Structures are given as C-alpha cells and as structure tokens.
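Here the structure comes first, spelled out in structure tokens, and everything after it is commentary.
None of these values were measured; they are calculated from a predicted model. Per chain, numbering begins at 1; letters A, B, ... match sequence-line order.
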There are 2 protein chains.
Amino acid sequence: MDTEIAGPRRRGPYAKSAARRRQIVEEAYRVFATRGYHGSSLREIAAAAGISLSNLQHYFTGKEDVLLAVLELRDELGAGVDAPEDDEPFERHIVAQAAANERIPGVIALYSVLSAEAVTDDHPGREYFLGRYDTLRSEYEAEFAALRDQGRLRDGVDPALAAATVIALWEGIQLQWLYTPDRIDAAATLRAYLDLVLLSPQTA
Amino acid sequence: MDTEIAGPRRRGPYAKSAARRRQIVEEAYRVFATRGYHGSSLREIAAAAGISLSNLQHYFTGKEDVLLAVLELRDELGAGVDAPEDDEPFERHIVAQAAANERIPGVIALYSVLSAEAVTDDHPGREYFLGRYDTLRSEYEAEFAALRDQGRLRDGVDPALAAATVIALWEGIQLQWLYTPDRIDAAATLRAYLDLVLLSPQTA
DNA sequence: GTCTATATCGGGATAGAC
DNA sequence: GTCTATCCCGATATAGAC
C-alpha cells in the first residue's frame with residue numbers, strides 16, 4: 001500500500017478546496033463575532049472572503065453549516081491555546097487565558113454574542129453551547145475539587161458552585177468589557193474572585 | 001381651568017391608542033426576549049398581538065421604535081419592582097431580585113439576549129445597555145462602599161470591582177440558567193459570592 | 001472551482017379603502 | 001383605527017455557463 005488514500009491530499013485538487021473552506025470559516029468567524037448569527041449574511045461573509053456568494057455556497061450547504069464550522073474551528077484553535085500547561089496552576093491558567101483573549105479580537109465577541117443568541121430552541125448553535133457549558137463546568141469543578149483536596153479551597157466553598165461561578169463571571173465581565181474596554185479589566189476581575197476563593201499554597 | 005389638557009385622557013379617542021400601544025409593546029417584549037432583535041419580525045409581533053402588520057405600523061414608525069419602547073417598558077416595570085425596600089440590606093435585595101426574576105418569564109431572556117446582541121456598533125439597543133451598565137455599576141459601587149464604611153466589606157475588596165463582579169456574575173449565571181434551569185440556582189450562586197465578600201453585621 | 005443570473009422567500013415599508 | 005394589497009429589498013437557494 002504505497003498509495004495515499006486516507007485523508008485529504010496536501011497537493012492536488014483537494015488542497016485548494018481545503019484552503020478555501022478554511023479561509024471562508026475564518027472570515028465567517030469574524031462576521032458572526034461582530035454581528036451575531038441572525039445579524040450576519042452569507043453575502044457579507046462571501047464578500048469578506050473575497051469570493052462570490054455562489055462560490056461560498058459551493059463549500060457549505062447553508063448558513064447553519066457555516067456556523068457549525070466556525071464553532072468547530074473555535075474548538076480546534078482552543079484545544080491548542082486553552083489547554084493548560086502541564087503543571088500550570090488552575091488559577092494562573094484562567095487569568096492568563098482571560099488576558100490572552102483580549103488580544104485576540106473576536107473570540108470574546110463570538111462567544112458572548114452567540115451564547116446568548118443560541119438560547120432559543122431552534123438556534124443552530126444551541127446544542128454546541130449546551131455541551132460547552134457542560135464540559136466546562138465539569139472540568140472546572142474537577143479543578144476546584146483537586147484544590148480542595150490540597151487544602152487550598154476556602155472552607156464552605158462548593159466546587160460545583162465555584163465552577164459555575166467562574167464561568168458566569170468570566171462571560172459576564174467579558175460582555176461588560178466589550179461595551180467599555182477601557183473601564184473593565186476582565187483578568188483582574190477574575191483574579192480577584194479566585195483570590196477570594198483560593199488560599200495561597202503555603203497557607204495550606 | 002377645569003378642562004383637562006395635560007396628559008392623555010383616560011376616556012375618549014386616545015384611550016384605545018394608549019392601550020393598543022401598551023399591548024403591542026408587551027407582546028414585543030415576549031418576542032424579542034425569545035428570539036432576539038434580529039431574530040424577530042414585526043409580523044410575528046403583530047400576530048402575537050392579534051393585529052395586522054399595518055396596524056402595528058400605525059403605532060410605531062419602525063422596528064427600532066418598538067425595541068426602544070420595550071426597553072422603556074422594562075425600566076418602567078423595573079422601577080417598581082427592582083427598587084429596594086427602604087432599609088432592605090443590599091445583599092438580601094440582590095438575592096431576592098434574582099429569585100424573583102426566575103418567576104417572571106422573559107425578563108432574564110430579554111436582558112441576556114439583547115445585552116449580548118447590542119454590543120454591535122449599529123444595534124439600536126446599544127446606547128441603552130451602555131447606560132444601564134453605567135448606572136448599575138455606580139449604584140452597586142455605592143452600596144459596597146457603604147458596606148465598607150460599616151466595616152462589613154472583607155479586607156482588600158474594591159467596591160468598584162465588586163460592583164462589576166456582581167453584575168457580571170448575575171448576567172452570566174442567568175444565561176447558564178436559561179440553558180439548564182434545573183441545574184443552575186442563580187440566587188444561590190449570587191448569595192454564595194456575597195457571603196464570600198461581605199462579613200455578617202455582628203462581626204463588625 | 002468559480003462565476004452570473006435568477007428563483008423564491010420573508011422582511012420592512014407604503015398606499016389607500018373602509 | 002384597522003384592514004388588504006402591494007412594493008421593494010435583502011436574504012438564501014438553485015441553475016447552468018465557463
């Protein structure tokens with residue numbers, strides 16, 4: 001078996017396809033982030049990508065399809081960036097991530113705008129966000145539980161509640177930051193909460 | 001001067017107008033709350049109000065106009081309900097309000113969906129939310145400052161930061177609650193944060 | 001793979017009868 | 001005040017030429 005069958009080829013007819021798709025998704029990312037799902041149009045995305053509407057439609061069967069690809073891309077990118085370093089402490093990771101997000105225009109807006117828009121029953125992104133909250137809460141709860149086992153969680157703090165709190169606070173403060181970036185410091189706000197809830201290592 | 005000139009009459013030709021307007025706004029409230037601004041249509045609102053599209057347009061010059069009326073109505077209703085009792089402690093007020101909101105379908109969704117949607121530059125609700133965050137942060141900051149003066153604020157907690165935190169946490173947890181109402185207790189989450197930040201009165 | 005052209009639909013606005 | 005009818009636009013979707 002020396003013929004390469006599995007997976008898309010790096011050269012040849014498929015190479016351009018994959019690149020185009022990717023390019024479209026990246027532009028769609030920006031458009032959805034700034035105008036929401038309902039507020040965006042495929043025309044606008046096509047224009048941003050510098051191609052015709054029909055050409056865009058050659059790659060995606062519909063608007064929903066594009067949105068789902070955008071969310072997939074987000075997960076893909078996030079898998080590399082969001083993952084904590086091997087032994088980076090949880091609280092440092094959260095704060096660093098919040099600070100980093102401010103430097104990547106669009107990420108915050110994408111989540112803020114879409115997560116709120118997608119509460120509607122028939123929104124194509126609803127399933128994604130349901131799953132995302134679920135995963136995120138589980139992960140953070142495990143982190144807080146581990147910290148508790150190290151004696152670093154303040155007495156009376158529930159790991160599950162703290163997990164939901166961090167996520168809520170994070171999203172909420174990012175939204176305020178979107179409105180008035182000069183008046184809100186998301187990373188500092190998160191750090192203040194974590195300082196309140198966690199005891200410093202040597203105290204344990 | 002025994003003729004009543006000022007203000008709309010309770011009877012006569014204007015009575016029906018005012019009532020209709022109010023009725024439309026109330027339906028629009030529900031529609032915007034569940035589908036967002038971009039996701040809603042005047043046709044849908046008219047249908048909900050049981051009138052024709054043209055008739056609705058007789059009362060409002062456009063979609064924006066309807067949205068602004070909805071936000072006005074929200075302020076009007078909120079002015080009665082949101083205002084704290086004369087000497088109700090701040091923390092009790094917050095928690096009680098969060099609990100009460102869960103019982104009024106739509107309020108939470110209206111704010112969650114619209115506040116996120118309205119970050120866009122050209123969204124007709126943007127100004128409203130900018131002002132709302134500003135007012136809310138000022139009010140809460142004053143409350144925290146007062147608590148600090150009573151020696152009831154934990155050391156090292158900044159009133160301004162705590163104000164932004166409460167608002168962010170509140171909005172964020174309500175969004176999670178919209179997705180999975182059975183798994184999130186917004187009031188309890190807020191109470192947990194306030195318990196963390198405030199010292200009980202007798203401790204002072 | 002990319003385009004132009006067009007079909008089809010749903011949105012907000014407008015005109016005008018009653 | 002309320003309606004029907006219609007206009008016009010922007011959106012998605014489709015057909016088919018190159």
Side-chain angles (χ1 to χ4, degrees), chain A residues 8-28 30-32 34-70 113-114 117 120-125, chain B residues 8-32 34-70 113-114 117 120 122-125:
Chain A
R9 283 176 257 168
R10 315 238 161 215
R11 287 166 185 277
Y14 292 154
K16 196 170 185 183
S17 263
R20 261 271 183 272
R21 240 190 99 93
R22 172 65 173 244
Q23 173 203 8
I24 293 167
V25 175
E26 282 174 2
E27 294 300 335
R30 285 184 256 285
V31 175
F32 283 142
T34 50
R35 317 193 72 81
Y37 178 71
H38 290 307
S40 305
S41 74
L42 294 180
R43 282 182 152 83
E44 191 179 354
I45 295 167
I51 61 173
S52 74
L53 170 63
S54 310
N55 195 9
L56 184 155
Q57 288 171 319
H58 177 68
Y59 293 93
F60 297 92
T61 65
K63 196 181 182 182
E64 285 198 22
D65 195 17
V66 179
L67 176 67
L68 296 179
V70 165
V113 174
L114 289 183
E117 196 183 21
T120 315
D121 279 348
D122 55 352
H123 195 288
Chain B
R9 284 177 255 166
R10 315 237 162 217
R11 285 165 187 277
Y14 290 154
K16 198 170 184 183
S17 263
R20 261 270 182 271
R21 239 189 101 92
R22 172 65 172 242
Q23 172 202 9
I24 293 167
V25 175
E26 281 173 2
E27 294 301 333
Y29 192 117
R30 284 184 257 284
V31 175
F32 283 142
T34 51
R35 316 194 71 83
Y37 177 71
H38 290 306
S40 305
S41 75
L42 293 181
R43 285 183 152 84
E44 190 179 354
I45 294 167
I51 61 173
S52 73
L53 169 63
S54 310
N55 195 10
L56 183 155
Q57 289 172 320
H58 177 68
Y59 292 93
F60 296 93
T61 63
K63 197 181 182 182
E64 284 199 21
D65 194 17
V66 179
L67 176 67
L68 296 180
V70 165
V113 174
L114 289 183
E117 196 183 21
T120 315
D122 55 352
H123 195 289

Closest contact, heavy atoms only, A:Ile24 versus A:Phe60: CG2-CE1, 3.6 Å
With B:Arg21 via salt bridge (Lys or Arg N to Asp or Glu O under 4.0 Å) - residues at least two apart: none
Contact residues, residues 53-63 of chain B to DNA chain D [heavy atom, < 4.0 Å]: B:Ser54, B:Asn55, B:His58, B:Tyr59
Pairs meeting criterion salt bridge (Lys or Arg N to Asp or Glu O under 4.0 Å) with involvement of residues 44-66 of chain B, two or more places apart: B:Arg35-B:Glu44
Near-strand residues of residues 42-52 of chain B, defined as heavy-atom separation under 4.0 angstrom from DNA chain C: B:Leu42, B:Arg43
Minimum heavy-atom distance between A:Leu68 and A:Pro124, given as atom pair plus value: CD2-O, 3.6 Å
DNA chain C contacts made by residues 20-28 of chain B, counting heavy atoms under 4.0 Å: none
Steps toward side-chain contact (heavy atoms from CB on, under 4.5 Å) verdict (A:Leu67, A:His123): CA-CA 10 Å; A:Leu67 176 67; A:His123 195 288; 3.9 Å; yes
For B:Gly36 against B:Val113, the heavy-atom pair lying closest together: CA-CG1, 3.4 Å
B:Val70 versus B:Tyr29, closest heavy-atom pair with distance: CG2-N, 3.7 Å
Side-chain donor or acceptor of B:Glu117 paired with backbone N/O of B:Tyr37 under 3.5 Å: yes
Residue pair A:Ile45 / A:Val66: nearest heavy atoms and the distance that separates them: CD1-CG1, 4.4 Å
Can you give me every donor-acceptor pair (side chain of residues 51-59 of chain A, partner residue at least two apart or in another chain, under 3.5 Å) with its distance?
| unit_1 | atom_1 | unit_2 | atom_2 | d |
| --- | --- | --- | --- | --- |
| A:Ser52 | OG | A:Asn55 | N | 3.1 |

